[in-house]
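Following: one structure in structure tokens, then a few remarks.
The chains referred to below are lettered A, B, ... by the order of the sequence lines, with proteins before strands, and numbering in each begins at 1. Since this is a predicted model, take the numbers as computed values, not measurements.
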Amino acid sequence: MNQTYINELKDHIGREVTLKGWLYNSRSSGKLVFLQLRDGTGIVQCVVFKGNNEELFENAKSLGQESSIIVTGTVKTDDRSSIGVELDVTGLEVLQNASEYPITPKEHGTEFLMDNRHLWIRSKKQNAVLKVRHTVVKATRDFFDDNGFILADTPIFTPAACEGTTTLFEVDYFDDDKAYLTQSGQLYNEATAASFGRSYCFGPVFRAEKSKTRRHLTEFWMVEPEMAYAQLPDVMDLGEKLIKFITERVLNDRKEDLAVLERDVSILQAITAAKFPRIHYDEAVKLLQKGFAKGEMDNNFEWGGDFGAPDETYISKQFDAPVFVHHFPAIIKAFYFERDAERPELALGADLLAPEGYGEIIGGGERATSIEFLEKQLIEHNLPKESFEWYLDLRRYGSVPHAGFGMGVERATAWMCGIEHVRETIPFPRMLNRLKP
RNA sequence: UGACGGGUAACUCAGUUGGUCAGAGUGCCGGCCUGUUAAGCCGGACGCCGCGGGUUCAAAUCCCGCCCCGUCAGCCA
């Protein structure tokens, strides 16, 4: 079928083309109808003049929002158009004249829009956000594929928890055991890294936390690279390169979408040239305590605790670029982290905090290599050793220093877009209290 | 799970010392306008005021219970 896309119209000036799409909005005056047509690649104004064809004019005038239409017309440049061109309509085929489309060009509330998420994703802003998501995902895959990583996806049904049992969704199906939806592919990544050297998994993960904040989803997507013969600094190097690569790609490929979102791109541009600061947990604690002394923080942070959302925001605001915090107290981290040789109470973990208060977008570190240490850890964390025998095998047969991290796609996308809530960065968000549509 | 805010037309909201109090705008329908950009102007239809109970001559408004949503926090990533 002959079809031209709206983002190609500039190459067809003066020619007659056929556009296929949906009516985004329309306006009419006595002798003119303006049809805003969208086709997924953009929106263009199509002009119907009564004097040219009265039947066509009446047809165009009667169309409801989101009617599916095929429009034929001549491409003309016009300074009044936001994309520089518009269409002089010569033909109109109506596949369906829709009426009473629920989402109007005016404001709506969150609940209503979420209930209509299947339609909401057609609107300009949501469309732009999801295109940025696409580019974040594509850039991420390209980055790893082009840097010697092998994609090796990990299971979604798992027999045991990665880091504890309280946050898991239980699935009642398998005969032998209870199964759970995965919260991370990390443990399996350690196995694939020992096969491929460098590997990554990319898929959905599930957390049964009762969190309802703008940074949390019940089901979200995470990319997790793992490298054999790698240590903590390698994790930070890789994370920094990845974030810069994604940022450059988004700036380059999604200019129009960032403009739709009114994103201040200067902040993103600055990131690509910056060196990401790396601060020790001790140093981060000092920053927070100084902040309290200055009256900029409500609570005086005590060494040993995990950062809350306000703490992360405060730390990240002290820097222009994303900042790594490393060497956390082991007690607040998962059982599999390698310990600092000189201060064994510290885990070799690193979190990357995004600027502008978007929170942790990368979390990872160096994994423990000693089987004796891990056996002790399993006991201390009350985890069933039998379930982890395969994991311990990785230390029995060719244990090497290895390290990796996870990046949350939605948080990264929210930050790129400069939007408030991660729920808009995934086509159909699953949250506490949100299962439909 | 807690604190705070909220639930009135399809949508976004106004309206609570209890009494012409069922309101506006948007959308929809009809009319006018060759250049609109969330178009404008004129007219029209649209309601069990979240649910249940109570107080009262009288409740959207006061009281009790419940449900739902949002923001933040906690938990987490």
Side-chain angles (χ1 to χ4, degrees), chain A residues 24-36 43-52 57 61-66 76 78-83 86 88 98-116 119-120 123-125 161-164 166-168 182-186 204-224 298-299 305-313 332-334 349 351-354 357-364 405-412 414 420-423 431-434:
Chain A
Y24 192 73
N25 196 5
S26 74
R27 290 172 211 92
S28 71
S29 64
K31 291 175 180 167
L32 284 170
V33 178
F34 302 100
L35 304 174
Q36 312 286 335
I43 296 176
V44 69
Q45 176 159 281
C46 306
V47 187
V48 184
F49 175 45
K50 190 177 183 179
N52 289 350
F57 176 82
K61 213 171 146 182
S62 73
L63 292 172
Q65 201 185 342
E66 288 300 320
K76 285 198 331 188
D78 195 305
D79 294 341
R80 290 165 293 197
S81 160
S82 58
I83 61 165
E86 52 178 42
D88 253 359
S99 60
E100 305 263 351
Y101 183 70
I103 300 176
T104 67
K106 296 278 180 177
E107 284 171 17
H108 298 285
T110 305
E111 189 182 8
F112 175 78
L113 289 170
M114 275 300 167
D115 284 342
N116 288 284
L119 302 175
W120 189 24
S123 66
K124 248 188 224 172
K125 189 178 159 188
C162 281
E163 336 195 341
T166 56
T167 65
L168 296 174
T182 185
Q183 57 182 349
S184 162
Q186 206 268 120
V205 293
F206 308 86
R207 306 281 166 92
E209 300 292 339
K210 299 285 182 200
S211 307
K212 42 173 190 175
T213 80
R214 64 181 148 156
R215 287 192 280 260
H216 289 87
L217 294 171
T218 300
E219 174 185 318
F220 65 100
W221 284 67
M222 191 154 71
V223 62
E224 298 174 90
D298 292 338
N299 297 304
D306 205 355
F307 303 131
D311 304 316
E312 286 184 352
T313 302
I332 58 170
K333 288 286 169 185
D351 288 355
L352 182 66
L353 306 179
Y358 281 92
E360 183 192 330
I361 51 172
I362 282 181
F405 64 82
M407 182 191 78
V409 169
E410 288 76 17
R411 284 188 184 177
E420 281 296 306
H421 204 300
V422 291
R423 66 183 163 220
M431 300 177 285
L432 190 70
N433 306 330
R434 172 60 61 183

Legend entry - Between B:A10 (C1') and A:Tyr101 (OH): distance, integer Å: 14 Å
Inset, instruction - Sort out the partner of B:C66 for me: Watson-Crick or G-U wobble, both distances under 3.5 Å, none otherwise. - result: B:G50
Legend entry - Nearest-Å distance for atom pair CZ/P, residues A:Arg27 and B:U26: 15 Å
Legend entry - Residues A:Asp78, A:Arg80: salt bridge by 4.0 Å N-O rule: yes
Legend entry - Side-chain-base donor-acceptor pair under 3.5 Å for A:Thr104 and B:C11: no
Legend entry - Separation of the P atoms in B:G30 and B:U12, to the nearest angstrom: 25 Å
Legend entry - Whole-angstrom distance between B:G5 and B:A14, as gauged at atom P: 15 Å
Inset, instruction - Could you measure between the two C1' atoms, the one in B:C46 and the one in B:G27, and give it in whole Å? - result: 11 Å
Inset, instruction - Report yes if a donor N or O on one partner sits less than 3.5 Å from an acceptor N or O on the other, where the partners are the side chain of A:Glu111 and the base of B:G6; otherwise report no. - result: no
Legend entry - Atom P, compared across B:A58 and B:G74: separation rounded to whole Å: 50 Å
Legend entry - Atom P, compared across B:G52 and B:G43: separation rounded to whole Å: 38 Å
Legend entry - Nearest-Å distance once atom P is located in both B:C69 and B:U55: 32 Å
Legend entry - Which residue lies more 5' along RNA chain B, comparing A:Asn25 with A:Lys31 via nearest heavy atoms: A:Lys31
Inset, instruction - Please check if any side-chain donor atom of A:Gln65 sits under 3.5 Å from a side-chain acceptor atom of A:Thr104, or the reverse. - result: no
Legend entry - B:C64 to B:C13 separation - P atoms, rounded to the nearest Å: 26 Å
Inset, instruction - Taking atom P in both B:G23 and B:G15, compute the distance separating them and give it to the nearest angstrom. - result: 16 Å
Legend entry - A:Thr213 backbone acceptor or donor facing A:Ser211 side chain under 3.5 Å: no
Inset, instruction - Measure the distance between the ring centre of A:Phe220 and the centre of the six-membered base ring of B:A77, then answer whether it is under 5.5 Å with planes under 30°. - result: yes
Inset, instruction - Just name whichever nucleotide pairs with B:U12, Watson-Crick or G-U, keeping both distances under 3.5 Å, else none. - result: B:A24
Inset, instruction - Classify the side chain of A:Gln45 and the base of B:U36 as holding, or not holding, a donor-acceptor pair under 3.5 Å. - result: yes
Inset, instruction - Quick one: list whatever passes salt bridge (charged side-chain N to carboxylate O under 4.0 Å, His left out) with A:Glu410, sequence neighbours left out. - result: A:Arg133
Legend entry - Approximate separation, where rounding is to 0.5 Å, of A:Gln45 CD and A:Glu86 CD: 5.0 Å
Inset, instruction - Let me know, please, whether A:Lys210 or A:Lys61 comes out on the 5' side of the other along RNA chain B by nearest nucleotide. - result: A:Lys61
Legend entry - Donor-acceptor pair (no angle test) under 3.5 Å: A:His216 side chain, B:C76 base: yes
Inset, instruction - Tell me what A:Asn433 touches on the nucleic acid: a base, only sugar-phosphate, or nothing, going by heavy atoms under 4.0 Å. - result: sugar-phosphate
